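Okay, so here's the structure we're looking at.
Both counts, for ligands and for their atoms, begin at 1 and track the order of listing. The analysis underlying the following values was restricted to heavy atoms, covering all of them including side chains, and did not include hydrogens, waters or symmetry mates. Worth saying up front: this structure is predicted, and the values here are computed from it rather than measured.
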Amino acid sequence: MTLYQPFLDYAIELLQARLDLSPYPIPDGFESKSATTGKGRNQYEVLTTSYGYQAPKLRQIRAAHVQGGKSLQVLNFVIFPQLNYDLPFFGADLVTLPGGHLIALDMQPLFRDDPAYQAKYAAPIMPIFEKYQAHLPWGGDFPAEASQFFSPAFLWTRPKEDEAVQTHVFDAFKEYLQAYLDFADRAAPITDSAELAKIEAAQLRYLRYRAEKDPARGMFTRFYGSQWTEEYIHGFLFDLERKLAISH
Ligand code: DBV
């Protein structure tokens, strides 16, 4: 039972068709990791596989796919643009736990409260958002401090049935990703140095929040230990700070 494999397959195929794609290095030991968890007769295998790509305007396109049976499936998929573009992040957090499904899908803005930015990168997505929200109602409780990192087109939902994930969520994922690649096609490089400084600061603000608050930290630590987990988070999933430290 790998609920999110079709999402991953679709995404990679679309990226290959639309972008000048090359591999993004995955540090040794992080391409694939498995562990046995649970006790006695309830033991099961949890496999985490990683995928990394880059394209001329997109610094890192990466996915983490966690497969641990019917009640543990995760696809976390994020696109981090190059620092000389004002593009949002593409963020998908597709999570299935024993309690149910939790779906977060968005074009995560660099500048949440800037009306011109919203007009450019959120307004075009609103018709897609509204179409799917009719089937996928607001998911409720949500960390307040995270809201600054989401756009008005944030699709946040907790569907009860697998079927809703396989149909509406899958369709929404496809449309959001296509729309993101449309944005990327049109994006022109930023050259103004004040603007570039604002973009770098906004990317770092987002990245630090995600690395610090990663909701998967507890789960990964239980399965694979804290050394592996911290290295995975800072050395692959949210690696911008390290990459800047090398290049500056
Ligand atoms: N989330 C990640 C990565 C994951 C991952 C890299 C590879 O950022 C999985 C794995 N997300 C994951 C898991 C849970 C969530 C929850 C396993 C469940 C945690 C649990 O219940 O034990 C969106 N993801 C969540 C939640 C939100 C998101 C809001 C609920 C967390 C909570 O209620 O505290 N995506 C997530 C998020 C941002 C984002 C917080 C912030 C910018 O982009």
Open item on the list: Would Gln108 count as a polar contact of ligand 1, with the cut-off being nitrogen or oxygen pairs under 3.5 Å?
Closed with: yes
- [ ] Starting from atom 5 (C) of ligand 1, find the nearest protein heavy-atom neighbour and note its residue, name and distance.
- [x] Asp93 OD1, 3.3 Å
Task: Atoms of ligand 1 close to Asp214 [distance to a heavy atom under 4.0 angstrom, numbered from 1] - done: 1 (N), 2 (C), 3 (C), 4 (C), 6 (C), 8 (O)
Task: ring pair (Phe, Tyr, Trp, His ring centres under 6.0 Å) pairs, two or more places apart, involving residues 192-211 - done: Phe89-Tyr206, Phe149-Tyr206, Phe149-Tyr209
TODO: For atom 42 (C) of ligand 1, find the nearest protein heavy atom and state the residue, atom name and distance (0.1 Å precision).
DONE: Arg210 CD, 3.2 Å
Task: Check: Tyr4 ring centre within less than 6.0 Å of Phe173 ring centre - done: no
TODO: Give the residue, atom name and distance (to 0.1 Å) of the protein heavy atom nearest atom 19 (C) of ligand 1.
DONE: Pro215 O, 3.6 Å
Task: Option set Pro143, Ala92, Ala216, criterion heavy-atom distance to atom 4 (C) of ligand 1, minimum - done: Ala216
Open item on the list: Looking at every non-hydrogen atom in both residues, tell me the closest pair between Asp141 and Arg158 and how far apart they are.
Closed with: O-NH2, 3.3 Å
Open item on the list: Less than 6.0 angstrom separating the ring centers of Tyr176 and Phe90, yes or no?
Closed with: no
Task: Nearest protein heavy atom with distance in Å, relative to atom 29 (C) of ligand 1 - done: Phe142 CE1, 3.5 Å
Task: Check: Tyr224 ring centre within less than 6.0 Å of Tyr232 ring centre - done: no
Task: Salt-bridge present (Lys131, Asp171; N to O < 4.0 Å) - done: no
Open item on the list: What protein heavy atom lies closest to atom 2 (C) of ligand 1? Include the residue and the distance to one decimal.
Closed with: Asn76 ND2, 3.1 Å
Task: Partner set under side-chain hydrogen bond (donor to acceptor under 3.5 Å, both in side chains) for Asp239, not counting sequence neighbours - done: Tyr24, Arg59
TODO: Using non-hydrogen atoms of the residue, decide whether Val66 is closer than 4.0 angstrom to ligand 1.
DONE: no
Task: For Leu237, atoms of ligand 1 separated by under 4.0 Å from a heavy atom - done: 6 (C)
Task: Nearest non-hydrogen protein atom, atom 17 (C) of ligand 1 - done: Met219 SD, 3.8 Å
Open item on the list: Under the side-chain contact (heavy atoms from CB on, under 4.5 Å) test against Tyr51, which residue among Leu15, Ile61, Ile12 passes?
Closed with: Ile12
- [ ] Identify the protein heavy atom lying closest to atom 20 (C) of ligand 1, giving its residue, its atom name and the separation to 0.1 Å.
- [x] Leu97 CD1, 3.9 Å
Open item on the list: Trp156 versus ligand 1: do any nitrogen or oxygen atoms come within less than 3.5 Å of each other?
Closed with: no
Open item on the list: Residue-level breakdown please: for Leu102 versus ligand 1, do any non-hydrogen atoms fall below 4.0 Å on the side chain, on the backbone, on both, or on neither?
Closed with: side chain
Task: Nearest non-hydrogen protein atom, atom 38 (C) of ligand 1 - done: Phe150 CZ, 3.5 Å
